[in-house]
K.L.:
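This structure is in structure tokens; I'll ask about it shortly.
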There are 2 protein chains.
Amino acid sequence: MGITKTTYFTDEQNELAILTKAMGHPARIAIIQHLIKVNSCICGDIVNELPLAQPTVSQHLKELKNAGLIKGNFEGNAICYCLDENGFNKIKHFFQHINSYLENQKNQCC
Amino acid sequence: MGITKTTYFTDEQNELAILTKAMGHPARIAIIQHLIKVNSCICGDIVNELPLAQPTVSQHLKELKNAGLIKGNFEGNAICYCLDENGFNKIKHFFQHINSYLENQKNQCC
DNA sequence: TATTTATATTGCAATATTACGATAATAAAA
DNA sequence: TTTTATTATCGTAATATTGCAATATAAATA
């Protein structure tokens, strides 16, 4: 069927899935890494940085933006992108939860 | 074309993408949350916990296991699952990097 | 206004993912 | 050894994702 049963899960579960799914492609990881490196840059710089065509990069940027992981401002006729802390803060708490669990627990199966 | 150009990206980018992609489904987030809650449990418990059929759950468990986010031990004829710190430690550093960047930086576009 | 520059959208082909019924495999118990 | 319980695999249908050429849109500039 191929359709995710989102209604059967909590809002939190769906939101975390959307955020992590948005990160789940090497091109989108590369975009995040590049934005950290240069702080902010226009879309064209990312196109030059990645081994993908402009429409493909535009599509990846859209997915990151929809998830709330990046944001873009108009800079003349170009669009300047940078990280959006909103999205990352939402994931942050989940990972903190996981990490504190793994540290305090001898994590072993049955 | 639908095929990700993994060879064009670094090993680190591909690895982070595999890990985050594996988390990118509400059922797999729910599995991780449940394992944190009960520490470890057999596959059948997860099937009862989720609104999905047994083969579907089995498939999600396989993906989490392949990514290195959970591990399973034989417990009689059942299999006991728990979190695998290996996978989570790999993501941990990436998020620490992102978070320290976002904290130290007035994150604004151009 | 026409042109250039920068980005988004459309349309499509190839591939991947999601979900589940049916069935196989495995190990304990009767 | 047969049965039962537990999990994995196979096969398949429906949907989603990836990638790009072609094209559209929007803003600056000539």
Side-chain angles (χ1 to χ4, degrees), chain A residues 1-9 13-14 17-31 35 40-67 70-82 109-110, chain B residues 1-9 13-14 17-31 35 40-67 70-82 109-110:
Chain A
M1 319 198 166
I3 188 166
T4 298
K5 293 179 153 184
T6 53
T7 51
Y8 293 179
F9 299 98
Q13 286 163 348
N14 283 314
I18 286 170
L19 288 161
T20 48
K21 187 178 185 180
M23 297 183 71
H25 190 288
R28 297 195 288 268
I29 294 285
I31 290 170
L35 287 177
S40 69
C41 69
I42 65 169
C43 171
D45 295 335
I46 297 170
V47 173
N48 291 332
E49 196 71 18
L50 297 188
L52 296 169
Q54 179 267 322
T56 308
V57 172
S58 190
Q59 197 171 280
H60 284 306
L61 288 170
K62 190 180 175 182
E63 284 176 59
L64 286 168
K65 199 177 161 195
N66 286 343
I70 66 171
K71 54 189 173 183
N73 285 337
F74 283 91
E75 172 79 359
N77 60 341
I79 294 178
C80 182
Y81 284 102
C82 64
C109 297
C110 308
Chain B
M1 314 190 168
I3 188 165
T4 299
K5 294 178 151 185
T6 53
T7 51
Y8 293 177
F9 298 97
Q13 286 162 349
N14 283 315
I18 286 170
L19 288 161
T20 48
K21 188 178 183 178
M23 298 182 70
H25 190 287
R28 296 195 288 268
I29 295 284
I31 290 170
L35 286 177
S40 70
C41 69
I42 66 169
C43 170
D45 294 335
I46 297 170
V47 173
N48 292 333
E49 196 71 20
L50 298 188
L52 296 170
Q54 180 268 323
T56 309
V57 172
S58 190
Q59 198 171 277
H60 284 305
L61 288 170
K62 190 180 177 184
E63 285 176 59
L64 286 169
K65 198 176 163 196
N66 285 343
I70 65 171
K71 54 188 175 183
N73 285 337
F74 283 90
E75 172 78 0
N77 61 340
I79 294 178
C80 181
Y81 283 103
C82 64
C109 298
C110 307

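Residue numbers start from 1 in every chain, and the chains themselves are labelled A, B, ... in the order their sequence lines are given, proteins ahead of strands. Atoms considered below: every heavy atom in the structure, side chains included; atoms not considered: hydrogens, waters and symmetry mates.
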K.L.:
Given atom CD1 of A:Ile79 and atom P of C:dT5, what is their separation to the nearest angstrom?
P.N.:
18 Å
K.L.:
Does C:dT9 have OP1 or OP2 sitting under 4.0 Å from an N or O in the side chain of A:Lys62?
P.N.:
yes
K.L.:
Identify which nucleotide among C:dT18, C:dG21, D:dT7 has an atom closest to any side-chain atom of B:His25, counting heavy atoms from C-beta outward.
P.N.:
C:dT18
K.L.:
Can you find an N or O donor on one side and an acceptor on the other, under 3.5 Å apart, linking the side chain of A:Asn77 with the base of C:dT5?
P.N.:
yes
K.L.:
In this structure, how many angstroms lie between the C1' atom of C:dT9 and the NZ atom of A:Lys65, rounded?
P.N.:
14 Å
K.L.:
With a 4.0 Å limit, can you tell me whether B:Lys21 has a side-chain N or O closer than that to the phosphate oxygens OP1/OP2 of D:dT17?
P.N.:
no
K.L.:
Counting only side-chain nitrogens and oxygens, does A:His60 get under 4.0 Å of the OP1 or OP2 atom of D:dT17?
P.N.:
no
K.L.:
About how many Å separate CD1 of A:Ile46 and CG of A:Leu52, when rounded to the nearest 0.5 Å?
P.N.:
11.5 Å
K.L.:
If you compare every side-chain N and O of B:Thr56 against the phosphate oxygens of C:dT18 (OP1, OP2), does one of them come in below 4.0 Å?
P.N.:
no
K.L.:
Check whether the side chain of A:Gln54 and the base of C:dA8 form a donor-acceptor pair under 3.5 Å.
P.N.:
yes
K.L.:
Taking the inter-plane angle between the rings of A:His25 and A:His60 on a 0 to 90° scale, is it parallel (under 30°), tilted (30 to 60°) or perpendicular (over 60°)?
P.N.:
tilted
K.L.:
Does A:Tyr81 have a side-chain nitrogen or oxygen under 4.0 Å from the phosphate oxygens OP1 or OP2 of C:dA8?
P.N.:
yes
K.L.:
What distance do B:Cys41 atom SG and B:Ile79 atom CD1 have between them, rounded to the nearest 0.5 Å?
P.N.:
12.0 Å
K.L.:
Tell me the interatomic distance from B:Asp45, atom CG, to D:dA5, atom P, rounded to whole angstroms.
P.N.:
16 Å
K.L.:
B:Asn73 has an atom CG; how far is it from atom C1' of C:dA27, in whole Å?
P.N.:
16 Å
K.L.:
In whole Å, what is the span from the CD1 atom of A:Ile42 to the P atom of D:dA28?
P.N.:
13 Å
K.L.:
Measure CG/A:Leu64 against C1'/D:dT17 and give the value in whole Å, please.
P.N.:
14 Å
K.L.:
Using the closest heavy atom to pick a nucleotide of DNA chain D for each, name whichever of A:Phe74 or A:Ala27 lands nearer the 5' end.
P.N.:
A:Ala27
K.L.:
To check you understand the geometry: which heavy-atom pair defines the closest contact between A:Leu61 and A:Tyr81, and what is its length?
P.N.:
CD1-CE1, 3.8 Å
K.L.:
Return the 5'-most residue of the pair B:Gly44, A:Ala53 with respect to DNA chain D, ranking by each residue's nearest nucleotide.
P.N.:
B:Gly44
K.L.:
Base, sugar-phosphate, or nothing for B:Leu61, non-hydrogen atoms under 4.0 angstrom?
P.N.:
nothing
K.L.:
Quickly work out the B:Glu75 CD to C:dA28 C1' distance and round it to whole Å.
P.N.:
12 Å
K.L.:
When the nearest nucleotide of DNA chain C is assigned to A:Gln59 and to B:Gly76 on a heavy-atom basis, which residue is associated with the more 5' position?
P.N.:
A:Gln59
K.L.:
Provide the closest heavy-atom pair for B:Ala30 versus B:Leu50 in the form atom of the first, atom of the second, distance.
P.N.:
CB-CD2, 3.7 Å
K.L.:
Could you tell me whether the SG atom of A:Cys109 lies less than 2.5 angstrom from the SG atom of B:Cys80?
P.N.:
no
K.L.:
Side chain of B:Glu63 only, heavy atoms from C-beta on: which candidate in D:dA8, C:dT9, C:dT18 is closest?
P.N.:
C:dT18
K.L.:
In whole angstrom, give the distance that lies between atom NZ of A:Lys71 and atom C1' of C:dT7.
P.N.:
20 Å
